[in-house]
There are 2 protein chains.
Amino acid sequence: MYTLHNMTEQKIKLSVDAVVFGYEEGVISALLIQRKYNPFKGKWAIPGGFVLNDESLETAVERELQEETGVKINYLEQLYTFGAVERDPRGRVVTVAYVGLVRPNTFKIVASTDAAEVQWFTLDKLPELSFDHQKILDMAIARLQAKITYEPIGFELLDKKFPFSDLEKLYTTLLGRPIDRRNFRKKILSLNVLDELDEKVSKGSGRPANLFQFNQKRYFELKKEGIIFEI
Amino acid sequence: MYTLHNMTEQKIKLSVDAVVFGYEEGVISALLIQRKYNPFKGKWAIPGGFVLNDESLETAVERELQEETGVKINYLEQLYTFGAVERDPRGRVVTVAYVGLVRPNTFKIVASTDAAEVQWFTLDKLPELSFDHQKILDMAIARLQAKITYEPIGFELLDKKFPFSDLEKLYTTLLGRPIDRRNFRKKILSLNVLDELDEKVSKGSGRPANLFQFNQKRYFELKKEGIIFEI
DNA sequence: TCATATTGTGTAATGTATACACAAATATAG
DNA sequence: CTATATTTGTGTATACATTACACAATATGA
């Protein structure tokens, strides 16, 4: 243990990184930047950067995402802190990793500051990543897959109003296995967190679908009563 | 985003803290230290300290625990990273918090370095804590309660060989609600991760109990096959 | 208007969780 | 030594939840 005054020799830098997931038309993607500078110049990485002295970790993540990619994050949660001694060739850098969810269709991604390029990569076609970012991304995927079964975070990836089939397709994709449509619908509706709207939408052929909307207020009420979301 | 060379102005210190739980005779306790120096001199806190430049976060936790309390940790997992700007009056300190489980009867706790005192506190009689440590402890309790229902970490708090009633009492305590003995036993045994030994133990009056032992190897095999532990 | 595509819906069978009571083996008190 | 108290060990019936499964309704496009 050291008191702070004789800890001036601590040379550890603190950064934040965010694995940002987006979903569109049955495909999950992660947002990556191409590094403009060394180390790993030209290689892909998850967006992130160093924390400023007077900003919280969450603020840092949001600022970096804004700066590097133009993304406006919809849902953000801390994932894990990676502190292996040799994870950054520049020196000791500990990074607090986050998972973010966004609706890709609500904005345009634009590379800036230290990102040469920003791009969505579908999870089955990821490029080689810098640092230990593959490990971080793997953990983020695992977290997302686990979490959608016990927290209603899937809605953060869909439009505010969505047909039930979108939700079903999202879960099929995320869980990587088929879902029985009838049972899934029954279960989700029995959770009482979806409002069925008086609007229909038809995409191409087939019977038009009713639109639904996640009722977050109702969810928090139920959560307070100890009623849990589980799929 | 900043590159490392112009980040020499980052003044953030990184520490680790550990909420260490122990269990004995139906009671869960947390290990706390009494601070020897300011800030919060004389007040209780969870053990921890600053990370050295060339050690991993886990190494730092184990070192600090050893230095301050003499504890040999049995199970350690990262909990959350706390980075609020004003959480430490000395300046910006971000801390990576861990949860540790130990068997209190396997060693003697001893205060040293910056701990004036080390003591086990049962969870219903916790003292006022320094910094944001109450928040950390609350989160640690929540994590422990949640985790014992889907990972076999309860065994880390018991003796290697234990009667079934110990396990049952542990779960009753942790979950804070009564458990049906027969159903609990059925469920745990059906998970196939306990070896029933040919040893009996009798504590006071009553029929002597058979001893059981957690078979970690078997657990990992089952986990690899995707068979999950759930209570 | 016919074929094709997608949404919307109920029931039976299976599996899982819960509720519940008494005999066996020991210690202790009389 | 016997009776009583204490703790362990065990099975079955019921309620509840999950799963499997098929066809009608409503649209588009040829």
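Computation of the quantities below employed the complete heavy-atom set of this structure, encompassing side-chain atoms and omitting hydrogens, waters and symmetry-equivalent molecules. Since the structure is predicted, the reported quantities are computational estimates derived from the model, not experimental observations. Throughout, a chain's letter reflects where its sequence line sits, starting with A, and its residues are numbered from 1.
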Sugar-phosphate only, base, or nothing, as touched by A:Lys203 at under 4.0 Å among non-hydrogen atoms: nothing

For D:dA22, does the base pair up with any side-chain atom of A:Arg182 as donor and acceptor (N or O, under 3.5 Å, distance only)? yes

Residue from A:Leu65, A:Thr95, A:Val61 passing side chain to side chain contact (heavy atoms under 4.5 Å, CB included) with A:Asp17: A:Thr95

May I ask you to check whether over 12 heavy atoms, not counting those of B:Lys147, lie within 6.0 Å of atom NZ? yes

Could you tell me the separation between the NZ atom of B:Lys187 and the C1' atom of D:dT10, rounded to a whole number of Å? 19 Å

If we check side chain to side chain donor-acceptor pair (under 3.5 Å) with A:Asn183, which of these qualifies: A:Lys186, A:Arg185, A:Lys187, A:Arg181? A:Lys186

Can you identify which nucleotide, out of D:dG9, D:dA20, C:dT9, has its nearest atom closest to the A:Asn183 side chain? D:dA20

Of the listed nucleotides D:dT8, C:dT18, C:dT6, the one nearest the side chain of A:Arg207: C:dT6

What is the distance, to the nearest angstrom, from the CG atom on A:Asp180 to the P atom on C:dT7? 14 Å

Protein-nucleotide distance (B:Leu189, atom CG; C:dA17, atom C1'), rounded to Å: 16 Å

If I take atom CG in residue B:Leu211 and atom P in nucleotide D:dT8, what distance separates them, rounded to the nearest angstrom? 12 Å

When rounded to whole Å, the CD1 to P distance for the pair A:Ile179 and D:dC21 reads 17 Å

Other residues, nucleotides and ligands only: do more than 12 of their heavy atoms fall within 6.0 Å of NZ on A:Lys161? no

OP1 or OP2 of C:dT6 versus the side-chain N and O atoms of A:Ser205: is any pair under 4.0 Å? no

Considering just the side-chain nitrogens and oxygens of A:Arg185, establish if one lies under 4.0 Å of OP1 or OP2 belonging to C:dG8. yes

Distance check needed: D:dG9 C1' versus B:Glu168 CD, whole Å only. 12 Å

Quick one: are the ring centres of A:Phe184 and A:Tyr171 less than 6.0 Å apart? yes

Kindly point out which of C:dG8, C:dA5, D:dT18 is positioned nearest to the side chain of A:Ala209? C:dG8

Take atom CD of B:Glu230 and atom P of D:dT18, then tell me their distance rounded to the nearest Å. 11 Å

Specify the separation, in whole Å, of atom NZ of A:Lys186 and atom C1' of D:dT18. 8 Å

